[in-house]
Amino acid sequence: MAKRIYIDMDGTLCRFHDAEHKYIEQMWEKGFYINLQPFEEFVKAISLCIDRNADTEFFIISAVLDTEPPFVEGEKREWLHRHLPQLSDENMLFVPAGADKSSIIPEMSANCILIDDYNKNLSEWRIQGGTAIKFINDINDRGLGAYGGEIGNIWDGERVRYNDSAMATCLRIERLSGIKNTIEKENAFYGFSDDVLPDQFLELLPSYFSVRQTHDTHLIQELYRKGEGFFDYESVSAHSRNFVREITTDKQNGQLALYQRENNLNDAMMNCLDTCYTLSRAYAISLNKITGWMIASIRQEHLWQTYPVTCSNLQSYISKQLARDTRLTVLADQIKAISTQINKAESRVYLPASSDVEMDVTSGGVQKSVLSDWCRQMKTLMKDYSDEWRQLAGTEYPNILFGNGQIKYQKYADTQKTSRTIHQK
């Protein structure tokens, strides 16, 4: 039986209560549910789980009060379409408040996993044979009663926390749910604290590049002295990487292993550094450019707080950035060339030379008309290029393994299923 993961909504995906429990009075107001703030890292974690595990079914299971207005369910669905657009309406389940959530689940078993912030729901689920994981938000799990369960009752099972990173939570949910690793995930390097690429990576790039360049130069000289050559950089880089990692008494060998020990680096960091260096040499990308891209990914985009730090993702990111910069350069050259051509053509229209005037008279005004039409067409084309350039220059997130935020939001925009007329109170 395939794994099925059910996630509560109020107090789990979204901040249903703040620290002072001010929301109760607003529950019957239109716009309340649709404007609830998400637990951002947890929502990212669930989104990441969905993207990474195509063979696992994901459902939202949320309670609705009998006394609440009929628009509440619609607002909840709208909230979910906005924040988890991978889920269809069929994957959004609603039960009466206070009801046993397991009662609507067919074929209950340990493969049915509930993530909820309320002990009562979790206990009932576990009694029926399901797997229960408590979501620790910013007000529950204190043994204070109310939304954390009975007074003095602390949940004795597994937990995930609202303030853990998205990747750390995703990996924990996969482990607690017993989701098997795919080959793709088995080959990933989860070797960093919370799977976030640290700032130290940026500091290491220049020194690592220097070590590798020295040894690559030595290796290539050795190959040519032996009458050997190579056809592409990636093959010699792989040879060089293995060559310099060997620990021997030879001064030319073992320097990279020494570098790793001196900087106290794990294999994950070394593999990521190697990926940057190999791509730099293979595609003639300068160290400064790669460093700039990585600064953006770590400090501006916070990319590696959402996506796993793997060599494949790193390579995908750099390749996308290279393609993006290449396209921007092409567009800039095209815009400049068209602009020059338009200026020349408009000079012939509005400040014509005597030869242009004679030709226009001879053609009965056709030449001026043709040039004017051509200028309009070129201006339209230049606007298209300029729009593409601006759009591309503003696109900071490439397609990366296990998800794509832009595609998600486009999917959300294209599949609106409920009214967009609800206004924030």
Side-chain angles (χ1 to χ4, degrees), residues 1-14 16 39 42-64 73 76-77 80 83-137 140-141 147-150 153-162 164 166-186 188 190 402-403:
M1 178 181 176
K3 303 287 184 182
R4 299 201 303 262
I5 298 180
Y6 298 84
I7 305 106
D8 175 51
M9 187 172 177
D10 303 328
T12 303
L13 288 172
C14 54
F16 185 68
F39 285 103
F42 185 68
V43 171
K44 287 179 184 178
I46 296 301
S47 181
L48 196 54
C49 278
I50 295 171
D51 291 342
R52 283 162 54 89
N53 300 287
D55 294 335
T56 300
E57 296 182 86
F58 290 83
F59 298 87
I60 304 302
I61 184 164
S62 182
V64 177
E73 182 178 323
K76 287 193 172 190
R77 290 183 184 276
L80 292 167
H83 295 278
L84 293 170
Q86 305 102 308
L87 297 178
S88 65
D89 279 327
E90 290 73 22
N91 293 75
M92 302 173 190
L93 310 177
F94 297 92
V95 299
D100 183 348
K101 290 186 175 181
S102 67
S103 64
I104 67 168
I105 306 303
E107 301 180 23
M108 258 312 263
S109 71
N111 288 324
C112 300
I113 298 96
L114 174 67
I115 305 175
D116 203 303
D117 66 315
Y118 190 24
N119 285 0
K120 176 178 177 296
N121 295 334
L122 295 166
S123 297
E124 292 172 344
W125 191 275
R126 192 162 60 179
I127 289 170
Q128 297 302 319
T131 300
I133 303 171
K134 183 165 185 176
F135 177 74
I136 307 301
N137 55 35
N140 66 357
D141 204 45
Y147 308 104
E150 296 298 327
N153 183 19
I154 298 293
W155 177 246
D156 60 356
E158 301 290 355
R159 297 168 165 82
V160 292
R161 300 181 182 278
Y162 78 100
D164 286 341
M167 179 51 63
T169 300
C170 174
L171 294 174
R172 181 166 176 78
I173 290 172
E174 289 179 348
R175 182 176 65 80
L176 295 177
S177 302
I179 295 175
K180 293 182 179 179
N181 280 342
T182 62
I183 294 176
E184 195 170 60
K185 286 187 280 186
E186 286 176 352
Y190 300 119
F402 306 151

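Reckoned from all heavy atoms, side chains included, excluding hydrogens, waters and symmetry mates.
Separating the NE2 atom in H83 from the CD1 atom in I60 is a distance of 11.5 Å, to the nearest 0.5 Å. Between C112 atom SG and K3 atom NZ the span is 9.5 Å, to the nearest 0.5 Å. To the nearest 0.5 Å, atom CD1 of residue I173 and atom OG1 of residue T56 are 11.5 Å apart. To the nearest 0.5 Å, the span separating CG on L114 from CG on N121 amounts to 6.5 Å. Rounding to the nearest 0.5 angstrom, the gap separating the SG atom in C49 from the CG atom in L171 is 8.0 Å. Interatomic distance, I5 CD1 to I46 CD1, rounded to the nearest 0.5 Å: 7.0 Å.
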Report, one line per pair, each donor and acceptor closer than 3.5 Å where one atom sits in a side chain of residues 98-105; sequence neighbours left out.
from : atom 1 : to   : atom 2 : distance (Å)
D100 : OD1    : S102 : N      : 2.9
D100 : OD1    : S102 : OG     : 2.7
D100 : OD2    : S102 : OG     : 3.1
K101 : NZ     : D8   : OD1    : 2.9
K101 : NZ     : I61  : O      : 3.3
K101 : NZ     : D116 : OD2    : 2.8
S103 : OG     : D100 : O      : 2.6

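E158 has its side chain within reach of R172: a pair of non-hydrogen atoms, C-beta onward, lies under 4.5 Å apart. In this structure the side chain of R4 never reaches within 4.5 angstrom of the side chain of N111, judged on heavy atoms. You'll find the side chain of I113 stays beyond 4.5 Å of the side chain of L176, heavy atoms only. At least one side-chain heavy atom of L84 sits under 4.5 Å from a side-chain heavy atom of V43. Inter-residue side-chain proximity for K134 and N140 is flagged as met; some heavy-atom pair is nearer than 4.5 Å.
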Check the pair E90, F59 against side chain to side chain contact (heavy atoms under 4.5 Å, CB included), reporting the backbone distance first and the verdict last.
CA-CA 8 Å; E90 290 73 22; F59 298 87; over 6 Å; no
Run the salt bridge (charged side-chain N to carboxylate O under 4.0 Å, His left out) test on D156 and R126 for me, step by step, so that the C-alpha distance in whole Å, both residues' side-chain angles and the decisive distance to 0.1 Å come before the verdict.
CA-CA 12 Å; D156 60 356; R126 192 162 60 179; 2.9 Å; yes
Take D10 and K76 through the test salt bridge (charged side-chain N to carboxylate O under 4.0 Å, His left out) and record every step on the way to the result.
CA-CA 9 Å; D10 303 328; K76 287 193 172 190; 2.7 Å; yes
Under the side chain to side chain contact (heavy atoms under 4.5 Å, CB included) criterion, do C14 and F39 qualify, and how do the steps go?
CA-CA 5 Å; C14 54; F39 285 103; 5.7 Å; no
N91 and F58: side chain to side chain contact (heavy atoms under 4.5 Å, CB included), yes or no, with the steps?
CA-CA 7 Å; N91 293 75; F58 290 83; 5.6 Å; no
Between L122 and D117, does the side chain to side chain contact (heavy atoms under 4.5 Å, CB included) criterion hold? Intermediate values first, please.
CA-CA 8 Å; L122 295 166; D117 66 315; over 6 Å; no
Salt bridge (charged side-chain N to carboxylate O under 4.0 Å, His left out) for R77 and D89? Distances and angles first, verdict last.
CA-CA 7 Å; R77 290 183 184 276; D89 279 327; 3.4 Å; yes
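F42 pairs by the ring-ring contact (aromatic ring centres under 6.0 Å, His included) definition with F135, not counting sequence neighbours. Listed by chain and number, the residues in a salt bridge (charged side-chain N to carboxylate O under 4.0 Å, His left out) with R175 amount to none (sequence neighbours excluded).
A donor-acceptor contact shorter than 3.5 Å is absent between the side chain of S62 and the backbone of F94.
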